[in-house]
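Report on the structure given below.
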Amino acid sequence: MDETIGTGSLCLESEATDTLKETVKRIKNLCVGHPAKKQAYIKQGIIPTLLKLIDRRDSELTWQICGTIGILANNNVAGAEQVASNSGLCTLLSLLSSDDERLVKQASLCILGALKSVERPAKIFLENIQLLESVCSLFCNPFASASLRECTCFILTSCLENAESEQIVDWFRISNFCFEKLKSCNLRDPRTLTPYLNVLKSLTMRNREIGKQFIEHNFVELLVEVMKGVDMTLKVIACRLYTNLMNFSLLQEDQASKDTAVIIMPFLNRMLSNRDRNIQLEGCKMLTQVVAIAEIYQQQAFDCNLVHCLIELGHNINISDVEAACILLQAVAAVCSLVEECRRLVIESRLFSLVVNSLDTSYPELRIAGLSALRSLSRSVRNLRASLAEAVLMEPLLRSLSDENKQVQIQALSTVCNLVLYFSPLKNSFLESNGLTTLLNLCHSNDKSLKYYAVWALKNLLFLSGSKMKKRIIDEIGMDYIFCLIEKGEDYSFQEQGINLLRNLTCTFSIECERENILDFIDEHCYRLVLCIQDSLQSPCMEVVLQALYVVCNFVVGSERHKQAICNSKIPKLLLNFLTNPSYLIRIATIWCIINLIWKETNDINDVSNLADYRRARIASFMEMGYEEMLEGLLADSNVEVRGRAEMALQLLRDRTISDFGDENDYEQVSRGILL
Amino acid sequence: MQSTTNRRVFSKEEWEKKLSQVQVDRRDLNLLVMNYLVVEGYKDAAEKFSEETGLDPGVDLKSIAERMAIRTAVQRGEIDKAVELVNDVNPLILDSNPSLFFHLQLQKLIELIRQGDIEQALKFAQEELAPKGEENPSFLEELERVMALLAFEDRTSSPVGYLLQQSQRQKTASELNQAILTSLAQEKDPRLPSLLKTLLWAQEQLKSKAIFPEMDITTGVLSDPPKE
């Protein structure tokens with residue numbers, strides 16, 4: 001053991017103040033830049049000893065002690081945690097209200113050094129409200145020095161990163177203080193704005209009201225000026241704050257779009273092209289935040305070459321650098337979520353290998369980030385036909401479906417949702433790799449989220465599939481499963497998914513064949529299906545109602561039996577009410593149901609004869625119910641499609657020929673898969 | 001007027017007339033001077049200039065005094081004293097900047113070699129610097145360069161003799177000064193050199209398009225335009 005360590009510790013027991021000061025100073029100078037010596041002193045228990053020696057009556061000694069503690073805690077987790085313990089922080093925070101500016105500065109640096117070295121600096125303050133309140137008061141001291149402001153600013157922004165902090169302090173007191181300071185700051189030296197903008201940036205992350213007040217105080221122009229400035233730290237803060245305001249739609253769209261294109265995107269380009277890794281990663285995080293707001297910003301990112309910057313970064317980031325790889329992949333996921341050109345660039349670059357390789361790492365956060373990026377890329381219709389199909393994707397993707405980490409599974413399922421759509425070349429690959437079995441197992445998962453996404457993927461798989469595929473799926477999962485989703489729906493989201501499954505199952509149009517036969521199992525379960533639809537049409541959830549209407553549309557196509565089953569239920573009465581629903585989508589879907597119910601069929605799947613007689617009887621029944629008057633009323637509807645379809649329905653009702661108003665292709669079959 | 005190479009030609013009189021039409025605010029000039037004095041650490045000059053112009057230096061002049069004491073210590077080769085003084089200003093500066101701290105320790109090694117205290121130099125290199133060199137290849141390279149001084153009898157004339165010159169102390173002092181300024185959230189580079197660089201660069205660029213009287217930046221005097 002280093003001799004000085006034993007000697008140093010012993011001298012701290014001396015009562016002579018001068019000896020104490022010298023010893024403390026010597027320990028400080030010995031430990032600067034020497035992690036091993038720091039560790040040795042910390043193990044000896046020096047920090048608690050030094051904290052006990054703090055004596056506000058002796059500023060000089062206290063000042064030295066703060067300097068030494070600051071060094072011991074800096075970049076040393078053990079030391080920092082000892083300092084940042086409840087009692088340590090209380091002692092040090094109490095020094096911040098001293099009149100001795102030099103002491104306040106030293107104590108601030110000490111606290112800052114310790115907090116920056118612990119894992120979760122906010123935790124201490126969130127668990128001790130009094131401590132946090134005292135920090136708030138210190139921050140709001142109008143005469144606080146720069147170092148005190150910096151220290152309290154760091155504490156407040158760390159706490160505000162945590163959503164729990166929202167309810168525990170009156171943040172409006174803080175924001176009002178910041179607004180006052182911004183008004184009186186010296187704009188010739190924008191750095192004086194830093195602590196106030198920094199705190200406001202953190203406040204506006206979740207607090208729309210404060211964001212609104214920021215705008216009401218007319219600070220947006222100031223923010224734009226700062227964003228155009230030269231101070232990197234301040235520009236980052238200002239851009240983040242601006243993005244927070246955009247997130248809450250508090251800025252005028254045109255102005256926000258212009259400022260982003262002219263100031264923020266070029267700035268992000270410079271950040272991503274900077275040689276400093278920290279600046280690059282901060283740029284990635286900011287890019288992720290900005291482009292998530294709207295598609296236009298993803299387009300701007302493309303126009304400003306930011307995708308190229310990400311690709312360049314990908315060349316320099318090794319997958320073993322987990323933090324950097326995660327941040328980069330999250331940026332890829334965000335920037336490629338809606339814009340095709342962005343996806344094309346990434347898929348055609350080496351960055352795509354990073355995406356694929358991330359699926360196989362041992363770090364769950366990296367697998368999640370990689371799958372998130374893959375999910376965005378898999379929305380690419382054109383690119384799915386080529387590059388993605390060539391990549392060795394399926395194996396790692398299927399492994400991810402059975403991952404031990406639930407979030408990995410959810411991301412994998414979301415990606416599978418996109419990859420199994422009818423136009424995807426990877427659909428067959430998924431089925432050939434036994435993906436269906438895994439998917440169907442997940443449909444029975446006890447975990448609600450997993451089950452939900454699995455059902456969504458199943459729905460997409462069924463979208464425009466041929467009868468063979470549908471039969472195979474129903475043979476494995478059973479119609480009962482689908483009915484249970486709807487009838488015993490855990491919540492509306494599951495009911496909606498169940499109804500969507502029915503919708504895709506009942507659609508007789510597929511990518512393989514224009515007119516498929518209605519499936520046996522649909523016919524077999526006809527009456528249960530009608531009851532299901534009838535109940536769903538009475539759901540308080542409009543999305544469930546809408547999907548149920550689409551099922552009716554599909555279900556009655558080409559089958560007199562199905563048409564009669566519908567008309568023998570309460571459904572026609574329900575349809576009448578929907579004609580005056582506030583949602584135009586519901587009105588349109590309802591009119592299509594009516595059209596399909598009274599369509600002049602030429603063939604019937606059950607070879608029912610006298611189709612015309614049945615049709616006439618149905619029309620007479622509709623007339624009696626008042627359909628004609630209701631449809632006439634819709635001729636003046638505000639929506640043009642409603643008006644057009646209502647006219648078509650009326651013509652059918654009045655038994656005109658098809659050629660009078662349209663063509664055979666107007667017979668609506670409604671089925672839809674949705675890209676996640 | 002056009003030259004035979006199609007570059008515009010400006011006579012000295014014409015050029016001076018154009019320059020005289022450019023307005024430069026006196027306050028901006030004073031700010032530039034104040035900025036230079038503050039960043040470079042001329043405390044007394046900054047104080048006097050502030051009194052005479054009424055301009056706020058924008059920083060605590062006491063901090064300038066501290067910086068100057070540190071710079072002077074390095075320029076005198078008193079590295080331990082400089083480290084102590086820096087640690088008094090802000091102990092985190094050196095602790096958070098391993099490269100800077102290593103350069104200061106290298107300077108200490110250079111001073112020990114300069115004083116002829118070879119035994120102490122070797123001990124210091126072995127105990128303090130070699131472990132850091134093992135962790136960082138660029139540190140190792142720099143250490144080897146300094147240690148090369150020991151291989152020569154006439155160290156000053158050796159290929160690494162420049163390490164013993166005042167300019168090396170100056171370089172270390174500047175690096176330390178910049179780190180202190182950064183920690184105080186102050187500008188670490190004065191604006192005046194950037195302005196002069198811009199002027200020289202602009203003159204070079206303009207030469208391809210025009211013949212004009214160039215300014216000597218040391219005297220501010222315009223020369224006659226060169227003849228083709």
Side-chain angles (χ1 to χ4, degrees), chain A residues 2 21-22 24-38 60 63-76 79 101-102 105-106 108-117 145-147 149-151 153 186 188-195 198 230-234, chain B residues 25 27-28 30-32 34-35 38 55-60 62-63 66 79-106 108 127-129 131-132 134-136 139 176 179-189 191 194:
Chain A
D2 189 327
K21 284 179 198 169
E22 274 312 307
V24 171
K25 183 173 175 172
R26 193 155 50 85
I27 293 171
K28 176 178 75 180
N29 288 326
L30 278 171
C31 289
V32 166
H34 287 97
K37 282 188 184 161
K38 276 194 217 181
E60 182 62 30
W63 178 81
Q64 280 291 356
I65 289 172
C66 286
T68 308
I69 294 177
I71 284 295
L72 289 165
N74 188 43
N75 288 328
N76 185 302
E101 213 179 285
R102 198 164 154 255
K105 182 182 168 189
Q106 194 75 283
S108 301
L109 287 171
C110 172
I111 295 169
L112 204 54
L115 290 177
K116 283 183 176 174
S117 304
S145 62
S147 48
R149 196 82 73 202
E150 189 191 345
C151 174
C153 171
N186 173 14
R188 277 190 164 263
D189 185 6
R191 285 166 304 168
T192 54
L193 305 170
T194 307
N198 205 357
V230 292
D231 187 306
M232 174 72 91
T233 309
L234 206 44
Chain B
D25 195 66
R27 190 187 148 82
D28 290 340
N30 288 341
L31 280 169
L32 267 174
M34 180 62 88
N35 169 264
V38 164
L55 260 183
D56 178 8
V59 299
D60 176 10
K62 187 164 162 268
S63 73
E66 286 170 340
I79 306 302
D80 282 339
K81 184 178 175 188
V83 167
E84 268 190 41
L85 289 172
V86 170
N87 287 342
D88 282 346
V89 168
N90 181 347
L92 299 183
I93 292 175
L94 294 180
D95 198 57
S96 302
N97 197 333
S99 172
L100 171 62
F101 188 52
F102 187 75
H103 290 158
L104 276 169
Q105 288 186 306
L106 273 183
K108 180 175 171 178
E127 287 176 4
E128 296 291 332
L129 296 173
K132 293 191 175 139
E134 278 170 16
E135 290 167 4
N136 190 323
F139 284 2
L176 185 52
I180 298 170
L181 284 165
T182 306
S183 78
L184 295 170
Q186 292 175 21
E187 287 175 70
K188 57 182 177 67
D189 297 311
R191 289 175 216 154
S194 308

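The sequence lines fix the lettering, A, B, ..., with proteins before strands; numbering per chain opens at 1.
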Legend entry - Partners passing side chain to side chain donor-acceptor pair (under 3.5 Å) against A/D231 (at least two apart in sequence or in another chain): none
Inset, instruction - Among B/L92, B/L184, B/L94, single out the residue with the greatest number of heavy-atom pairs under 4.5 Å to chain A. - result: B/L92
Inset, instruction - Measure from NZ or CZ of A/K28 to the centre of the six-membered ring of A/W63, then state whether that distance is under 6.0 Å and the direction lies within 45° of the axis. - result: yes
Legend entry - Over 12 non-hydrogen atoms of neighbours within 6.0 angstrom of NZ in A/K21: yes
Legend entry - Spacing of CG belonging to B/N87 relative to NZ belonging to A/K25, to within rounding of 0.5 Å: 9.0 Å
Legend entry - Most contacts with chain B, counted as non-hydrogen pairs under 4.5 angstrom, among A/K105, A/H34, A/Q106, A/E150: A/H34
Inset, instruction - Let me know if A/N29 has heavy atoms under 4.5 Å from chain B in its side chain, its backbone, both or neither. - result: both
Inset, instruction - Heavy-atom distances under 4.5 Å only: say whether A/C31 touches chain B with side chain, backbone, both or neither. - result: backbone
Inset, instruction - Heavy-atom distances under 4.5 Å only: say whether B/D88 touches chain A with side chain, backbone, both or neither. - result: both
Inset, instruction - Would you please classify the geometry between the B/F102 ring and the B/F139 ring as parallel, tilted or perpendicular, with 30° and 60° separating the classes? - result: parallel
Legend entry - Side chain / backbone / both / neither for B/P91 at chain A, heavy atoms under 4.5 Å: both
Legend entry - Under 4.5 Å from a heavy atom of chain B, the part of A/Q64 involved: side chain
Legend entry - B/K108 side chain vs B/H103 backbone, donor-acceptor pair below 3.5 Å: no
